[in-house]
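Shown next, in structure tokens, is the structure this report addresses.
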Amino acid sequence: MTLQMDTAFSDIAAFKEHLDAILARESTRRLVEDAEAAGLFPRGIVELLGREGIFAAKWQERPVPALEHTLALSERFGRLGAGGIASAVTLHDSAIAMLRRFGRSQALRDVADQAIAGQAVLCISATEAGAGSDMLGLSSTAVREDGGYRLRGHKKMASPSPVADYIVLALRGIDDSHAGRDDLALFLVPTSQLRVGKAFDTVGARSISTAPVFFDTWVPAEMMIARPGTGLAVLSWALAQERFAMAAQILGACHLALGVTVARMKRRKTFGVALFDHQALRLRIADLQARVDMMRLALNGLIANAAGFNVRSCSAAKVTAVRLGCEVMSECMHIFGSAGVLETESPLGRWWRDVKMARIGGGTDEMLWEIVAAGLEPDYASYDQMVDEWQPEPLG
């Protein structure tokens, strides 16, 4: 299919204004609230963004997205106060990124166009029982068969698989040239060809709709995104996009939580004065706001320095933003007092759980720190010049 790209909102200012207007609609807010209550990702959100030209403006005809649009989209979804929905939109967009950048067949390009138009919901899954974050320890396989591939196995967590039309699966591609731990391959599979299990009851981000999937199906070769041996590189590139978006999403959630908390502090009185007039509380919030502001500047810096936008920098951004987000939500909930821990009185507890989930999704803290650690460089010259460690004198 040929997708007519709407470039009316390609200008970032117009894009933000249009996106804000969409998310401010009563119908959109009701869609989000109903999804949060039901714990089910609303595919109507993807349809809305596609119909309104949001994805089209973000992607246009490029094989890679406009990062300033990624930042705006993710941050504004973070401000919705629905972490599951924001994360699912990020996964959908990350799947588009794989198909746009690496999809070679017309079938893959057609699905990317459908996803941009909001006519198909995409998801990504690599995690398996027993493998966790070890992408090279997967047991699910792709074996050549009748001009295509036989895919067999399972995925423990696939979001939002209960409502998705297609899923990107990370598998071990078994062929003559790759038969070891470097054989990761990626395939796009219609969810109609696999079995989606019962959705998990997660601690937070319930509206992301996470469920296991099981498959024993055949797909044509044109549905292969990355051949055996290249899958890890492709997946890592997509994860960089996802982690950058997640960092922006968390900053949006922090913006919302801090704003609501400051309003609480201005209105709530204790000991005859507003909470905001208590210096200890006011400065605690000021510290958090300062760090959130600096993190936002850091993300804008990644956009400005295209050469610095890579797996390592995006991993660093995600782990730093999420850990900051956990602190923000915890402190805001604490300042709310009893209302912060009562589900019927404030959303702080739900926001706190949503952000905690983000420390696992998209790569755990430890996995991301390992990526950062791999790029650490020792300064032996300065060490030798500045460090003169005492040594005992030889005896005799």
Side-chain angles (χ1 to χ4, degrees), residues 16-17 19-21 23-26 28-37 39 71-72 74-87 202-207 246-300 317 319-359 365:
K16 291 178 179 178
E17 182 179 355
L19 181 57
D20 286 342
L23 298 182
R25 294 174 188 167
E26 178 60 30
T28 305
R29 297 181 65 84
R30 189 164 55 249
L31 185 64
V32 171
E33 290 169 2
D34 290 348
E36 282 290 288
L71 177 59
S74 301
E75 185 174 10
R76 277 155 174 73
F77 260 86
R79 295 184 190 184
L80 286 178
I85 293 175
S87 296
T202 54
V203 170
R206 295 179 64 243
S207 55
M246 288 183 70
Q249 173 192 322
I250 294 300
L251 291 188
C254 289
H255 176 94
L256 174 65
L258 288 168
V260 169
T261 301
V262 170
R264 169 80 170 184
M265 293 170 70
K266 293 278 190 176
R267 289 183 175 177
R268 181 78 168 181
K269 289 188 176 182
T270 61
F271 304 103
V273 298
L275 284 177
F276 193 81
D277 292 332
H278 293 286
Q279 186 183 53
L281 298 181
R282 183 173 67 251
L283 298 188
R284 189 184 305 176
I285 289 297
D287 169 53
L288 295 173
Q289 184 67 65
R291 285 190 276 157
V292 168
D293 290 345
M294 291 301 101
M295 191 69 218
R296 182 176 290 107
L297 290 174
L299 295 188
N300 278 290
V319 68
T320 303
V322 171
R323 289 177 67 83
L324 173 58
C326 285
E327 186 177 355
V328 167
M329 295 305 170
S330 179
E331 290 298 303
C332 288
M333 186 167 67
H334 180 79
I335 289 173
F336 257 77
S338 61
V341 299
L342 297 177
E343 298 278 1
T344 56
E345 294 194 15
S346 83
L348 269 298
R350 173 163 55 84
W351 296 349
W352 176 63
R353 293 193 300 271
D354 285 356
V355 173
K356 177 63 181 76
M357 289 281 288
R359 285 186 62 189
D365 296 354

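Every value quoted in this text rests on a predicted model; they were computed, and no experiment measured them.
- Take Arg29 and apply the salt bridge (charged side-chain N to carboxylate O under 4.0 Å, His left out) test, not counting sequence neighbours, and it matches no residue.
- Applying the salt bridge (Lys or Arg N to Asp or Glu O under 4.0 Å) definition to pairs two or more places apart or across chains, none involves residues 247-257.
- Residues Gly81 and Arg350 share a closest heavy-atom pair of O-NH1, 2.7 Å.
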Pair up each side-chain donor or acceptor in residues 249-269 with any protein partner under 3.5 Å, not counting sequence neighbours, and list the distances.
from, atom 1, to, atom 2, distance (Å)
Gln249, NE2, Ser87, OG, 3.2
Thr261, OG1, Ala257, O, 2.7
Arg264, NH2, Phe336, O, 3.2

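- Taking every heavy atom of both residues into account, His278 and Phe271 meet most closely at CE1-CD1, 4.3 Å.
- A side-chain donor-acceptor contact under 3.5 Å links Asp354 to the backbone of Ala205.
- Of all non-hydrogen atoms in Leu71 and Ala248, the two that sit nearest each other are CD1-CB, 3.4 Å.
- To the nearest 0.5 Å, atom CG of residue Leu288 and atom CG of residue Asp293 are 11.0 Å apart.
- The minimum heavy-atom distance linking Trp352 with Met329 is given by the pair CA-CB, 3.8 Å.
- Atoms CZ and CG, from Arg79 and Asp20 in turn, are 7.5 Å apart once rounded to the nearest 0.5 Å.
- For the residue pair Met246 and Ala358, the shortest heavy atom distance occurs at CE-O, 3.9 Å.
- Minimum heavy-atom separation, Ile85 to Ser207: N-OG, 3.2 Å.
- To the nearest 0.5 Å, atom CG of residue Asp287 and atom CG of residue Leu283 are 9.0 Å apart.
- Listed by first and then second residue, the salt bridge (Lys or Arg N to Asp or Glu O under 4.0 Å) pairs involving residues 321-337 are Arg284-Glu331, Arg291-Glu327, Arg323-Asp365 (not counting sequence neighbours).
- Atom NE2 of His334 has 12 or fewer heavy atoms from other residues, nucleotides or ligands within 6.0 Å.
- Legend: residues meeting salt bridge (charged side-chain N to carboxylate O under 4.0 Å, His left out) with Glu345, ordered by chain and number and at least two apart, are absent.
- A salt bridge links Glu343 with Arg353: the closest approach of a Lys/Arg side-chain nitrogen to an acidic carboxylate oxygen falls below 4.0 angstrom.
- Residues passing the salt bridge (charged side-chain N to carboxylate O under 4.0 Å, His left out) test with Asp277: none are found, sequence neighbours excluded.
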